Amino acid sequence: MTLTEDPATTAVEKEVGKARRRKEDARLITGRTTWTDNMVLPGMLHMSVVRSPVAHGKISSIDVSAAKAAPGVVAVFTGRDIADEQGSIPCAWPVTPDMVNPGHPSLAVDEVNHVGEGVAVIIARSRAAAADAIELVDVDYEPLPPVLDMEEAVKADADLCHDHTQSNTSYHFVFDAGEAGTGTDTEQAFADAEVVVSRRFVNQRLIPAFMEPRSVVVQPQGDNYTMWSATQVPHILRVMLASVTGVPEHKLRVIAPDVGGGFGGKLQVNPEEVIALLVARRLGKPVKWTETRSESLMTAHHGRDQIQYVDIASDREGNVKALRVRLLADMGAYLRLITPGVPALGAFMFPAIYKFPAYRFECDGVFTNKVPTDAYRGAGRPEATFAIERIMDELAVELGMDPLELRRKNWIQAQEFPFTTVAGLEYDSGDYETATQQALELIGYDELREEQRRRRESNDPVQLGIGFSTFTEMCGLAPSRVLGSLSFGAGGWEHAAIRMLPTGKVEVVTGSTPHGQGHETAWSQLVADALGVPFEDVEVLHGDTAIATKGLDTYGSRSLVVGGTAVVKAAEKVIAKARKVAAHLLEANEDDLEFADGRFSVRGTPGASLAIQEIALAVFAAHDYPEGIEPSIDADATFDPVNFSFPHGTHICAMEVDTDTGFVKIRKYACVDDVGTIVNPLIVEGQVHGGLAQGIAQALYEEAVYDADGNLTTGTFVDYLVPSAADLPHFDTGNTVHEAPGNPIGAKGVGEAGCIASTPAVVNAALDAVRHLGVSDIRMPLTPERVWRAIHQGGDGGDRAAAGTNAYGGASTESTTGVSTPASSLGGDR
Amino acid sequence: MIPAAFEYVRPTTVDEAVQAVAEGGEDVKIMAGGQSLIPVMRLRLAAPETVVDLGRVAEMRGVRDEGDALVIGAMTTHAEVVTDPLIAQHAKLIAEATETVADRQTRRRGTFGGALAHADPAGDLPAVALALDAQMVIAGPSGRRTVPASEFFVDYLTTTLDEGEVLVEIRVPKLAGDWGVRYEKFNRVAQAWSIVAVAAAVRRENGHIAEARIGLTNMGPTPLRASATEAALAGAAASPDAVAQAARSAAEGTSPSSDLNAQADYREHLAQVLTRRAVATAAGL
Ligand SMILES: Cc1cc2nc3c(=O)[nH]c(=O)nc-3n(C[C@H](O)[C@H](O)[C@H](O)COP(=O)(O)OP(=O)(O)OC[C@H]3O[C@@H](n4cnc5c(N)ncnc54)[C@H](O)[C@@H]3O)c2cc1C
């Protein structure tokens with residue numbers, strides 16, 4: 001210790017950039033918090049849902065008398081009973097003016113359109129009584145042919161999913177760069193091209209599989225209603241429920257308490273939320289519904305599910321000339337909140353980081369008798385990234401070029417930013433070359449290539465492959481004007497407020513509702529730096545429409561970029577207001593005040609200073625403040641970005657393929673992501689790891705499989721394979737930092753990066769391992785069986801058998817109605 | 001995911017257990033670790049009137065040495081099996097296979113006897129019991145009987161256990177001589193059930209394979225022995241070529257199912273590859 005003060009060491013350490021442990025984790029991990037299902041209210045009733053076991057059929061009769069008479073049952077409502085009140089689950093994204101929306105009742109009235117669709121609800125005094133009565137409801141269905149295969153569904157004479165529509169096509173969305181003026185004529189470019197490669201890729205259906213099941217509690221108080229829901233979007237939910245049910249918005253308060261994950265799966269207005277509100281209104285009693293895991297997998301919206309026809313044109317030297325994408329996108333049976341918008345959002349990402357002169361995108365949204373699709377981590381961008389990064393490899397093979405060389409030849413150079421792409425997006429900043437170089441070093445590229453060569457030469461049963469994905473994504477959803485131009489039903493701004501408490505503590509109110517991301521920690525870091533207050537003195541409030549009155553919630557890697565910026569802007573306003581008070585109290589001119597490390601000091605007058613906390617107290621007392629201003633330094637801000645942000649990165653996967661069994665194993669995985677300014681490296685790395693796990697899971701493990709009758713056979717985690725840490729490799733992660741010019745933080749967004757980038761890197765790596773054996777595609781997920789078939793029988797590995805595994809006595813075929821089935825006698829000891 | 005209501009009984013001796021089963025009404029289920037039973041009850045694939053919980057029957061737990069055989073109590077948990085010194089010494093194949101079962105939590109509760117009585121075709125332990133010629137000791141209202149593993153597994157999720165009978169313990173003959181063992185399990189993620197697995201025990205004598213016992217998991221509704229391969233290996237040279245040659249007939253006489261993890265022909269292929277690998281490792285090649 002020295003007595004002389006060194007200014008360099010006394011300066012307050014910046015919070016932004018510190019790997020702070022997350023404030024919220026202790027309570028989240030130990031369960032010392034209130035999850036929605038923990039809520040117990042006096043007189044609370046429990047709701048269970050009777051669900052359709054058939055994928056498509058007319059409801060010919062429902063007999064609820066036995067269920068009504070069951071012990072503990074208070075009421076039973078069918079779709080018919082609430083038909084006049086339930087409206088339609090809203091769809092906020094009519095991507096084309098003539099999009100067909102067949103309407104989405106919360107409870108089916110006349111017809112069921114997917115297995116698991118609700119046909120009646122039971123309201124009982126206990127959760128067990130509600131569950132027991134399900135099998136007492138007797139429903140007769142007149143089966144209709146299920147529509148399950150998109151390529152069949154769009155044929156002229158196809159069976160219809162909804163008989164009151166003309167076809168199974170909901171909409172036809174086109175983006176043509178030539179017509180938009182952002183590119184040249186695509187057809188001409190293909191006609192003139194020296195090389196054209198065409199592929200059909202299947203981007204399979206996935207299940208978000210969030211950890212906390214969906215849950216909702218509604219409490220009526222007079223004509224007011226409070227809803228607690230495990231939702232990502234309490235603010236959107238409130239507006240939408242008001243418009244669907246007619247409960248006025250100001251009479252409805254929605255609270256998302258701590259929420260255990262979502263991945264987009266809780267970016268929804270769920271039928272059960274609507275029904276719970278209607279039931280609470282009818283009965284005047286609190287009602288709770290919490291789904292079972294089976295219900296969750298079967299009825300919470302799914303993601304992805306596209307068939308992608310992709311054509312790429314280039315010259316012999318590998319300069320890309322045009323890209324053409326045609327999609328069939330599975331909507332499932334109905335349009336939910338942003339079902340049709342997901343592939344449309346993806347439309348702008350297919351050209352990726354490459355300088356295509358011409359681009360055309362067409363998408364058909366197709367109805368099938370499956371649960372609706374909607375947002376799932378990445379929402380449209382993973383699908384696009386998969387297609388482009390796969391076809392770049394195919395083109396490289398066709399040209400006999402190194403896949404990285406081809407990419408390098410065509411990607412946007414660092415000095416070309418900002419760069420307007422053929423899809424009309426203005427990419428903000430980045431350097432693809434530097435990220436790539438770093439990633440190559442991280443993975444030890446040259447040694448791996450050498451090992452690959454050795455294994456090939458020795459005909460080793462275990463082959464090695466290396467796959468790339470040099471990706472970008474659009475984040476920070478979203479500029480409201482752009483959303484308007486895409487016919488989205490809302491804006492993309494975010495709101496924040498800062499409340500300076502008399503003791504100097506700070507409350508930050510954010511409209512961006514977290515569900516596991518760590519907003520409380522990151523926002524505290526931002527505010528600690530902006531206001532010069534201790535990290536620990538900041539409390540972040542969220543998720544209650546009565547507290548965080550304005551907001552658009554969390555999705556699309558928007559929270560930090562848009563919501564964090566609103567916080568920073570609110571802090572700037574706090575300082576501006578405090579400055580006036582400080583000037584008054586210090587008897588100085590405002591312009592002579594300097595604000596640093598939480599203190600206003602008068603320039604040139606040592607000792608004359610006031611901390612922001614002192615000002616907060618002074619304003620609270622309000623004994624002495626300037627004339628003509630309000631006695632408050634609280635402030636709020638609404639931030640609407642003018643552009644998206646564009647994180648990018650290079651992901652490299654090294655994959656071992658056991659050619660005897662088809663088993664694939666990731667040997668090494670390295671990625672270097674540019675997510676702009678990093679507020680908290682620990683959170684960023686966590687987001688990257690989680691994203692990688694999900695992206696790898698799409699490549700290798702996860703797939704929602706329906707059988708020929710439309711039953712979901714991946715109905716439990718025995719068959720819907722979510723990998724654990726034990727199944728994933730060590731991740732070598734790194735970052736380059738190019739600040740986003742569009743927000744004062746410089747952040748680009750990281751929530752989806754790993755999930756978007758990794759899938760094609762993994763598939764490309766597997767293909768690179770076995771391409772010399774004649775394999776040019778393998779369908780995802782790369783089950784050992786598919787890989788083995790592709791190697792030994794040709795083709796892409798084909799369809800999987802639809803039957804679930806026999807473990808648990810075929811538990812995956814659980815009857816959706818909860819009734820005993822002939823299989824009920826299964827067990828070990830017959 | 002809430003089971004239907006049921007009566008619950010918790011006996012403390014085998015006799016009490018047999019009696020409780022007899023008195024439990026129409027549909028009684030015995031519960032061991034509950035790791036298979038509780039899921040099927042929660043999914044309402046089973047809705048028993050009474051559940052007889054064997055968790056307090058101390059005499060059914062633990063491993064003892066009876067000279068030429070080990071006797072494993074049916075209620076011995078997977079976790080206990082994995083760490084038991086007698087099993088490590090005389091029946092290592094059981095420990096090796098049990099280590100691949102599920103995850104730590106499940107192994108803490110699931111039992112050896114429960115896994116055999118459940119007779120899940122994807123379960124790992126039935127094929128091992130079959131390969132080791134284990135004997136099932138069964139108690140019922142009319143006394144005890146002993147059934148060899150080869151007769152115990154009858155069909156999909158079905159054993160010779162009659163209504164009212166309890167599997168009490170399992171006698172496993174010790175392997176005498178120079179035996180090597182290997183459980184080769186094939187699944188897609190850690191902690192998952194077997195798509196196919198092969199249990200192999202190989203006795204070597206003078207550079208030859210004197211005897212091989214091979215149990216197949218999930219190659220039909222019941223566990224099976226790879227008899228053709230066993231026959232081909234008897235007396236064969238302990239060489240990779242001979243093993244590979246013999247393993248080619250591993251799928252003979254099997255009738256595997258087709259599901260989303262594997263269609264039947266791929267399972268047959270896997271059986272051959274895994275048999276080759278299991279036997280080679282067991283034979284020290
Ligand atoms: C997540 C998970 C993963 C798993 N993965 C695997 C795996 O990879 N491999 C594997 O082999 N197993 C796996 N299992 C199953 C596990 O091994 C079970 O413990 C085992 O199958 C059943 O044992 P139990 O003691 O739990 O039996 P229980 O579930 O209690 O009983 C199973 C059946 O056997 C009957 N029964 C049990 N004991 C007796 C007895 N003494 N006499 C007569 N009848 C009896 C019951 O009535 C019931 O029908 C998994 C289980 C879980 C939950």
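Within every chain, numbering begins at 1; the chains are lettered A, B, ... in the order of the sequence lines, protein sequences first and strands thereafter. Being a predicted model, the structure only gives us computed values, none of them experimental.
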Around [X], counting heavy atoms of other residues, nucleotides and ligands shown, do more than 12 lie under 6.0 Å from its [atom1]?
X	atom1	value
B/Glu7	CD	no
B/Arg108	CZ	no
B/Glu26	CD	no

Student check: side-chain heavy atoms of [X] and [Y] closer than 4.5 Å:
X	Y	answer
A/Thr661	B/Leu270	yes
B/Gln263	A/Asp799	no
A/Asp660	B/Arg276	yes
A/Tyr701	B/Val189	yes

Parallel, tilted or perpendicular: ring planes of B/His269 versus A/His792, cut at 30 and 60 degrees
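Correct class here is tilted.
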
Most contacts with chain A, counted as non-hydrogen pairs under 4.5 angstrom, among B/Leu274, B/Asp155, B/Asp259:
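Sorted descending by pairs with chain A, the first entry is B/Asp259.
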
Taking side chain as everything from C-beta outward and backbone as N, CA, C, O, which of these in [X] sits under 4.5 Å from a heavy atom of chain A? Side chain, backbone, both or neither.
X	answer
B/Asn187	backbone
B/Leu260	both
B/Val273	side chain

For the residue pair [X] and [Y], what are the closest heavy atoms and their distance?
X	Y	result
B/Arg188	A/Phe663	O-CE1, 4.1 Å
B/Leu43	A/Ser294	CD2-OG, 3.6 Å
A/Ala726	B/Ala190	CB-CB, 3.8 Å

Engaged part of [X] at the chain B interface, taking heavy atoms whose separation is under 4.5 Å:
X	result
A/Asp658	side chain
A/Arg789	side chain
A/Pro781	side chain

Straight-line distance of A/Thr292 OG1 to B/Ile2 CD1, nearest 0.5 Å
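With rounding to 0.5 Å, OG1 (A/Thr292) is 9.0 Å from CD1 (B/Ile2).
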
How many angstroms lie between atom OG1 of A/Thr805 and atom CH2 of B/Trp193, to the nearest 0.5 angstrom?
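If I round to the nearest 0.5 Å, the distance is 9.0 Å.
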
So which bits of residues 122-131 of chain A come within less than 4.5 Å of chain B, counting non-hydrogen atoms only?
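Within residues 122-131 of chain A, the residues under 4.5 Å from chain B are A/Arg127, A/Ala128, A/Ala131.
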
